[in-house]
Amino acid sequence: MNELKLSKRLEAVASYIPKGSVLADIGSDHAYLPCYAYLQGMIERGIAGEVVEGPFQSAIQQVRKTELENVIEVRKGDGLEVISPNEVTCITIAGMGGTLIQSILEKGKEKLEGVHTLILQPNIGAKKIREWLLENGWELVAEQILLDDGRIYEILVAERGKSAKPYSLKKDTYLLVGPFLAKERNDVFVQKWTHELAHWKNIVAQLDVAGQTEANELKRKELTEKIRLVEEELGIENS
């Protein structure tokens, strides 16, 4: 992977960047994504944000190597600390857990002034992000689920708008599995949720033989409801 050829996952993330954007890539690692986006004519300029010293230095070297110092700025800081309000129009956050992405957005809410598009790629826990978007006035406008190097990834794209609109039919189900992904229901979607169902059922079976505690009963109830929602969505008779 380099500034000219991204992974399938990051190429998919980049495909949602509106042309002419000013981009902030948070947790940019080697800054491949902003460099690629500029070289492909997607963005006018970009910021690569990194909190860890090693990747921060790698990003600096990458931008220098591609001679893009005049258009891609590498900044060190935690989450959205690296940008100011009204400085960028598009933010990408890829390759982290959904809870961490949710935390980054929540802690940096005031930095989102002037941002039109959020492109978020959680490795796990997409539901946490959908919940945050719903509660904070961001409308989910597109989703993608894909398999890359043996792992399943989801991409969520949001713009300011009617945040409840995508969930109007089945709120609980769509927050969990994704409204656009559920409607498309491709093979990767079915694979992901078939695997999750088996995992959840295994945990429930373990809880059934474990000692009855309040915590176990709460966990069992939560998982049983998730199983019901997903089986209903996949058209599986409830077991």
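The distance from atom CD1 of I93 to atom CD1 of I104, rounded to the nearest 0.5 Å, is 5.0 Å. Rounding to the nearest 0.5 Å places CG of L112 at 10.0 Å from CD of E106. Here the CG atom belonging to L223 is positioned 11.0 Å from the CG atom belonging to L218, to the nearest 0.5 angstrom. Interatomic distance, E87 CD to K111 NZ, rounded to the nearest 0.5 Å: 9.0 Å.
Looking only at side-chain heavy atoms (C-beta outward), I91 and L80 come within less than 4.5 Å of each other.
For residues 141-150, the set of pairs meeting the salt bridge (charged side-chain N to carboxylate O under 4.0 Å, His left out) definition, not counting sequence neighbours, comprises R130-E143. Applying the salt bridge (charged side-chain N to carboxylate O under 4.0 Å, His left out) test to pairs two or more places apart or on separate chains, none has a residue in residues 29-45.
E53 and Q57 form a side-chain donor-acceptor contact under 3.5 Å, judged by distance and modelled atom types alone.
Counting all heavy atoms, side chain and backbone alike, A31 lies closest to A48 at CB-CB, 3.9 Å.
As a member of the Ile/Leu/Val/Met/Phe/Trp/Tyr network built from side-chain separations under 4.5 Å, V52 groups with V51.
Within 6.0 Å of OH in Y16 there are more than 12 heavy atoms belonging to other residues, nucleotides or ligands. Around NZ of K221, the count of heavy atoms belonging to other residues, nucleotides or ligands within 6.0 Å does not exceed 12.
Q62 places no side-chain N or O within donor-acceptor distance of the main-chain N or O of H30, the cut-off being under 3.5 Å.
Every salt bridge (Lys or Arg N to Asp or Glu O under 4.0 Å) that E222 has, sequence neighbours left out, goes to K226.
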Listing, residues 164-182 side-chain donor-acceptor contacts under 3.5 Å, not counting sequence neighbours, or none:
from, atom 1, to, atom 2, distance (Å)
S168, OG, K165, O, 3.3
K170, NZ, E233, OE1, 3.0

Can you give the donor-acceptor pairs under 3.5 Å from side chains of residues 188-200 to other protein atoms, not counting sequence neighbours?
from, atom 1, to, atom 2, distance (Å)
K192, NZ, E154, OE2, 3.4
T194, OG1, V190, O, 2.6

